[in-house]
Amino acid sequence: MESDPPFHEAYKTLFDKTIETRTTAKDNELLLIVEECELPLIDLGRLRLGEAEREECKAEIARASRDWGFFQVVNHGISREILEKMRFEQERVFKQPFEKKTKEDKYLNFSAGCYRWGTASATCLEQLSWSEAFHIPLIDISPSGAFDSLSTTMEQFAATVSSLAQKLAEILAEKMGHNSTFFQENCLPSTCYLRMNRYPPCPIPSKVYGLIPHTDSDFLTILHQDQVGGLQLVKDGRWIAVKPNPEALIINIGDLFQAWSNDVYKSVEHRVVPNPVLERFSMAYFLCPSYETVIQSCRDPSVYRKFSFREYRQQVQADVQKFGFKIGLPRFLV
């Protein structure tokens with residue numbers, strides 16, 4: 001399909017090298033059987049009830065953030081209509097010819113460089129992500145000619161999901177004993193991102209990831225995914241597969257919240273495995289601060305030294321370029 005990125009052509013040397021060097025043990029590495037589970041499910045409608053219900057709901061959010069680093073929410077305030085429109089628009093933009101998507105500033109009115117596919121720094125197939133994405137700063141969402149309806153839908157989605165992210169951050173701060181305005185003051189529409197993801201059918205699902213194992217370099221991520229499945233995360237030292245729930249949004253803690261909470265809330269490694277026959281779509285919102293924002297633990301003694309978001313991002317990028325993978329928070333231990 002002319003809309004698909006040219007994975008085989010662009011990464012031919014990796015495919016050839018893998019055929020030459022792969023051992024039987026290595027070949028089975030991505031084929032390990034992974035148990036499917038349901039994430040903790042939290043009904044946010046209880047936040048509008050009496051005090052006892054409200055406090056129990058907040059406690060469940062904090063508990064899931066400590067024990068899992070991931071949870072799912074229903075009655076979250078984002079209408080089914082917006083989510084369905086978002087999925088429709090997402091499919092439409094990804095069906096554009098690959099050449100058009102790579103000229104996103106000309107054809108789609110997005111910033112140059114927001115369309116991404118594969119993994120430029122990959123030195124082996126295990127570092128290659130079999131996916132494509134538009135990683136869009138919220139301030140870039142504006143009318144875009146043939147894609148006006150995409151921009152309008154993204155604006156609606158961003159407005160509602162931003163409000164949800166702030167509410168969750170406020171609750172997590174409160175459960176740490178901080179009635180903090182830190183997130184409202186530092187995580188603004190001008191600093192947050194939306195990411196539209198597409199995972200094309202993959203003819204070699206045992207050899208590559210849809211998205212390589214990683215943690216998120218933000219405070220919170222809010223994910224809406226389809227029913228194809230493929231998201232996996234680490235729990236108690238082993239990978240588990242997340243069972244899709246059509247009514248729920250998935251929330252996960254990012255590195256910055258783990259640092260801010262002094263390791264109370266967990267930023268958990270996760271990945272996406274590709275499907276051999278079905279394409280998968282998801283939409284993620286990243287609650288990020290400005291690059292100048294300084295992250296420091298809210299408790300003493302601090303596990304991590306103070307660092308700016310800019311410094312964190314630069315270190316992550318440097319490590320990926322040098323080693324092919326992110327190191328993240330261990331770089332900033334005291």
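For Glu81, the CD atom sits in a loose shell: 12 or fewer heavy atoms of surrounding residues, nucleotides or ligands are nearer than 6.0 Å.
Residue Ile327 shares its hydrophobic cluster (ILVMFWY side chains chained together at separations under 4.5 Å) with Phe323, Phe325. Through ILVMFWY side-chain contacts below 4.5 Å, Leu188 is grouped with nothing and stands alone. Other members of the cluster containing Val277 are Val228, Leu278, with ILVMFWY side chains joined at under 4.5 Å, either directly or via other members.
For the residue pair Ser149 and Glu89, a side-chain donor N or O sits within less than 3.5 Å of a side-chain acceptor on the partner. No side-chain donor-acceptor contact under 3.5 Å links Arg116 and Ser129. When only modelled atom types and interatomic distance are considered, Tyr285 and Ser162 share a side-chain donor-acceptor pair under 3.5 Å.
Remark: Lys243 engages Glu38 in a salt bridge (charged side-chain N to carboxylate O under 4.0 Å, His left out) (not counting sequence neighbours). With sequence neighbours left out, the salt bridge (charged side-chain N to carboxylate O under 4.0 Å, His left out) criterion links Arg313 to no other residue. Residues passing the side-chain hydrogen bond (donor to acceptor under 3.5 Å, both in side chains) test with Ser163: none are found, sequence neighbours excluded. Residues meeting the side-chain hydrogen bond (donor to acceptor under 3.5 Å, both in side chains) test with Arg46, sequence neighbours left out: Glu60. In this structure, the salt bridge (charged side-chain N to carboxylate O under 4.0 Å, His left out) partners of Asp319, at least two apart in sequence or on a different chain, are Arg331. Take Glu36 and apply the side-chain hydrogen bond (donor to acceptor under 3.5 Å, both in side chains) test, not counting sequence neighbours, and it matches no residue. In this structure Arg238 satisfies the salt bridge (charged side-chain N to carboxylate O under 4.0 Å, His left out) test together with Glu35, sequence neighbours excluded.
The shortest non-hydrogen separation linking Glu132 to Lys101 is OE1-NZ, 2.8 Å.
Looking at Arg80 and Glu247, a side-chain N of the basic residue comes within less than 4.0 Å of a carboxylate O on the acidic one, giving a salt bridge. Of the charged side-chain nitrogens involved, none lies within less than 4.0 Å of a carboxylate oxygen, so that Arg54 and Glu51 do not count as a salt-bridged pair.
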key: Intermediate values then yes/no, ring-ring contact (aromatic ring centres under 6.0 Å, His included), Phe183 and Phe257   = CA-CA 10 Å; Phe183 301 99; Phe257 227 136; 5.0 Å; yes
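Annotation: side-chain hydrogen bond (donor to acceptor under 3.5 Å, both in side chains) contacts involving residues 251-263, sequence neighbours excluded, comprise Thr215-Asp255, Asp216-Asn252, Asp255-Ser267, Asp255-Tyr312, Asp255-Lys326, Gln258-Asp263, Gln258-Tyr304, Asn262-Ser297, Asp263-Tyr304. Applying the ring-ring contact (aromatic ring centres under 6.0 Å, His included) rule to pairs touching residues 47-85 yields Phe70-His270, sequence neighbours excluded.
Taking the six-membered ring where the residue is Trp, Trp130 and Phe7 present parallel rings, their angle staying beneath 30° rather than reaching 60°.
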